[in-house]
Engineer: 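Starting off with a structure, shown below.
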There are 2 protein chains.
Amino acid sequence: MSAPANSIEPEFSITDLAQELDITTRTIRFYEDRGLLRPARRGQQRVYSRADRTRLKLVLRGKRLGWPLNDIREMIELYETPDGERRQLELMLARIEQSRATLLQQRDDIELALREFDEIELRCREQLTPHHE
Amino acid sequence: MSAPANSIEPEFSITDLAQELDITTRTIRFYEDRGLLRPARRGQQRVYSRADRTRLKLVLRGKRLGWPLNDIREMIELYETPDGERRQLELMLARIEQSRATLLQQRDDIELALREFDEIELRCREQLTPHHE
DNA sequence: CTTGACGTTTACGTCAACGTCAACTTACTC
DNA sequence: GAGTAAGTTGACGTTGACGTAAACGTCAAG
């Protein structure tokens with residue numbers, strides 16, 4: 001896919017992304033070192049495309065879910081495998097299923113916790129507004 | 001060696017819990033060291049009540065959600081504050097709100113990821129069963 | 001030309017969350 | 001009473017995820 005002539009593809013510096021996403025440049029470079037990002041280079045300097053930015057956001061989402069970087073990398077790789085052999089695709093499906101299982105477990109945990117918090121809050125509020133008969 | 005014959009309240013040894021919850025005894029002791037557990041003692045040995053077991057399960061749920069132990073400890077403390085002064089209760093409500101916000105964010109992240117996985121899987125399956133016109 | 005902001009790599013430090021011994025004690029069995 | 005199984009504390013090692021500092025390059029502004 002070639003870029004349309006008059007559409008400007010935005011570029012980002014490492015500090016742009018760091019500020020926007022509220023992380024340090026050190027962190028971004030570290031993610032690159034761990035194979036989570038592969039920004040282009042203009043000379044020495046890293047140049048991030050919109051796709052790179054999206055990737056980074058995916059990493060941060062993984063982090064919020066408590067996933068280790070290796071798992072996050074695998075997860076992200078799922079997003080970018082365009083096509084492959086049958087064997088590859090089946091392996092990919094298996095990984096998706098694995099990740100999905102984790103996500104579903106996490107979702108269940110969250111639902112439970114939320115309900116329990118509702119109850120705790122209720123009891124808490126009952127204490128705050130003493131019930132007079 | 002754990003269940004009393006005319007059992008009213010069940011007791012658990014550290015290995016009981018370790019085996020049941022699939023963690024090591026080292027881990028359980030570590031959690032105690034970090035203030036997440038406070039089992040009773042019979043002499044030197046730790047004796048875990050059903051409540052301790054529940055607590056430990058809460059810890060593991062927190063772990064599955066990727067929370068650090070400190071946060072988990074605070075979260076668990078919410079479960080066990082019986083009653084307090086108005087000031088205390090209000091502080092507690094604030095903490096609940098804080099935890100709830102985190103949980104809701106995590107839930108959103110999960111829902112998004114799940115949907116994206118659905119899409120990826122779909123494209124993946126399309127590749128597997130080639131569409132001939 | 002120098003200063004300062006921003007970037008780079010390399011190396012080492014740090015903190016959390018455990019694992020891995022080692023060196024016991026206690027309890028039970030043979 | 002010797003062995004063994006399960007428990008204890010204490011110290012040190014390890015891994016993951018960055019922080020911090022050193023030493024240097026680049027470029028625009030004063």
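Only this structure's heavy atoms are used, side chains among them; waters, hydrogens and symmetry mates stay out. Lettering of chains follows the sequences in order, A, B, ..., and the numbering in each one begins at 1.
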Engineer: With a cut-off of less than 4.0 Å, is there a side-chain N or O of A:T27 near OP1 or OP2 of D:dG19?
Structural biologist: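 Yes, within the criterion.
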Engineer: Can you check whether any acceptor in the base of C:dT8 is under 3.5 Å from a donor in the side chain of A:R46, or vice versa?
Structural biologist: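 Between C:dT8 and A:R46, which were checked side chain against base, a qualifying N/O pair under 3.5 Å is absent.
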Engineer: In terms of side-chain geometry, is the basic nitrogen of A:E11 or A:R50 positioned less than 4.0 Å from the acidic oxygen of its partner?
Structural biologist: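 No.
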Engineer: Under 3.5 Å between N/O atoms: give me all the protein pairs with nucleotides 24-26 of chain C, atom names plus distance.
Structural biologist:
none

Engineer: Would you say B:Y48 and B:L56 make side-chain contact, with heavy atoms under 4.5 Å?
Structural biologist: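 Answer no - side chains too far apart.
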Engineer: Which nucleotide in the set D:dC18, C:dA17, D:dG7 lies at the smallest distance from any side-chain heavy atom of B:R29?
Structural biologist: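 So the side chain of B:R29 is nearest to D:dG7.
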Engineer: Using whole Å, report how far CZ of A:R41 lies from C1' of C:dT9.
Structural biologist: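 Those two atoms, CZ and C1', are 10 Å apart.
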Engineer: For a quick test of reading the model, state the closest non-hydrogen atom pair linking B:S49 to B:D52 and the distance between them.
Structural biologist: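 Taking every non-hydrogen atom into account, N-OD2, 2.9 Å.
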Engineer: If you assign each of A:Y48 and A:R26 to its closest nucleotide in DNA chain C, which residue comes earlier from the 5' end?
Structural biologist: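 Final value for this comparison: A:Y48.
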Engineer: Look at B:T15 and D:dG7 and indicate whether a side-chain polar atom (N or O) is within less than 4.0 Å of OP1 or OP2.
Structural biologist: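 Checking D:dG7 against B:T15, a side-chain N or O does come within under 4.0 Å of OP1 or OP2.
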Engineer: Extract the stems that DNA chain C is part of, considering only consecutive pairing runs of at least three Watson-Crick or G-U wobble pairs, both distances under 3.5 Å.
Structural biologist: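 Stems for DNA chain C, defined as runs of 3 or more consecutive pairs: C:1-30 with D:1-30.
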Engineer: Is the shortest side-chain heavy-atom distance between B:R86 and A:Q127 below 4.5 Å?
Structural biologist: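 Counting from C-beta outward, B:R86 and A:Q127 never come under 4.5 Å.
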Engineer: Does CD in A:E77 sit with more than 12 non-hydrogen atoms of other residues, nucleotides or ligands closer than 6.0 Å?
Structural biologist: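 Buried by this count: over 12 neighbours within 6.0 Å.
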Engineer: Got a salt bridge between A:E80 and B:R123, using NZ or NE/NH1/NH2 to carboxylate O under 4.0 Å?
Structural biologist: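 Result for this pair is no, no salt bridge flagged.
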Engineer: Just by distance, no angles: are the side chains of B:T27 and B:T24 close enough, under 3.5 Å, to form a donor-acceptor pair?
Structural biologist: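 Looking only at side-chain atoms, B:T24 and B:T27 do form a donor-acceptor pair, the distance falling under 3.5 Å.
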Engineer: Establish, with yes or no, whether the OP1 or OP2 oxygen of D:dA6 is under 4.0 angstrom from a side-chain nitrogen or oxygen of B:T25.
Structural biologist: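 The answer is no; no side-chain N or O of B:T25 sits under 4.0 Å from OP1 or OP2.
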Engineer: Do you see a donor-acceptor pair shorter than 3.5 Å between the side chains of A:E74 and A:N70?
Structural biologist: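 A:E74 vs A:N70: no donor-acceptor pair found between side chains.
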